[in-house]
Amino acid sequence: MEEISWELFERQVAACRRCPLYAHIQHKVPGQGDPHAPLMLIGEGPGQTEDEQGLAFVGAAGQLLTRMLSAIHLPRERVYICNIVKCRPPMNRVPAPEEAEACRIHLRMQTWLVRPRVILLLGATAARYTLDPNIRITRDRGKWVQRKGVWMMPTYHPSALLRDESKKPEAWADLQSLRDKLKELGLYTDLL
Ligand code: URA
């Protein structure tokens, strides 16, 4: 069997037809950033701008995400950013369970290659498919869980913050908690 590598990952995503989403897109959006980042961020799925550019979190939500990371002194190039599904769902709908399941092999390979110490789950979809299908983001955000040695925390999706400013203080508390966790683990010591 071919050895797992970034090259294999990119090829596998490019050729993927495991669910019907590929038929409607302009570009696959595998994810990008530091390939060995200690911190990985997982969102839901590409939106329109992401689909146009083939890059994760480059639209309005992505710009907010970049500002959120800089608020805790993390340049986004130093983290790895990706999504549960690599193809844009039509009309930005939530990915169907079969679509998220079909795409899981890509996220698995990606996580194996990056080997992050900490994962920030952006929104309910990311948290449900990664941690627990019963997660409610308003109830469970900000809570740390350790899985196979990796620390994970769900927080609001930046799009939710754009829609509802009143969530920002909680999102800020989660960011502080993220910074504290990274510091506690001795990560990003040149920045934090
Ligand atoms: N929302 C997401 O979940 N992911 C993106 O890449 C962009 C918007």
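Computed from a prediction, not measured in an experiment: that's the story for all the values here. In each ligand, atom 1 is the first atom listed, and ligand 1 is the first ligand listed.
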(request) Given side chain to side chain contact (heavy atoms under 4.5 Å, CB included), test E44 with V85 step by step and report yes or no. (result) CA-CA 7 Å; E44 178 174 298; V85 293; 5.9 Å; no
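- In terms of protein heavy atoms, atom 4 (N) of ligand 1 is closest to N83 OD1, 2.7 Å.
- Checking only distances, G47 never comes within under 3.5 Å of ligand 1, N or O to N or O.
- Between the CD1 atom in I81 and the CD atom in E50 there is a gap of 10.5 Å [rounded to 0.5 Å].
- Considering backbone and side-chain atoms together, H157 places an N or O closer than 3.5 Å to an N or O of ligand 1.
- Only the side chain of E50 comes within 4.0 Å of ligand 1, counting heavy atoms alone; its backbone N, CA, C and O stay farther away.
- In this structure, G59 falls outside the shell of residues with a heavy atom less than 4.0 angstrom from ligand 1.
- For ligand 1, the atoms sitting less than 4.0 Å from at least one non-hydrogen atom of E44 are 2 (C), 3 (O), numbered in the order shown with element in parentheses.
- Listed here is the closest heavy atom pair of A173 and R141: CB-NH2, 4.5 Å.
- Taking every non-hydrogen atom of G43 and a distance limit under 4.0 Å, the qualifying atoms of ligand 1 come out as 3 (O).
- Scanning the protein heavy atoms around atom 2 (C) of ligand 1, the nearest turns out to be G45 O, 3.0 Å.
- In this structure, V118 and V150 have side chains that are not in contact, with every pair of non-hydrogen atoms separated by 4.5 Å or more.
- Every residue meeting the side chain to side chain contact (heavy atoms under 4.5 Å, CB included) condition with V13, not counting sequence neighbours, appears here in chain and number order: F9, K28, P30, K86, H106.
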(request) For side chain to side chain contact (heavy atoms under 4.5 Å, CB included), just list the numbers for T130 and I84, CA-CA rounded to whole Å, side-chain angles, deciding distance to a tenth of an Å, and then say yes or no. (result) CA-CA 9 Å; T130 310; I84 292 289; 3.8 Å; yes
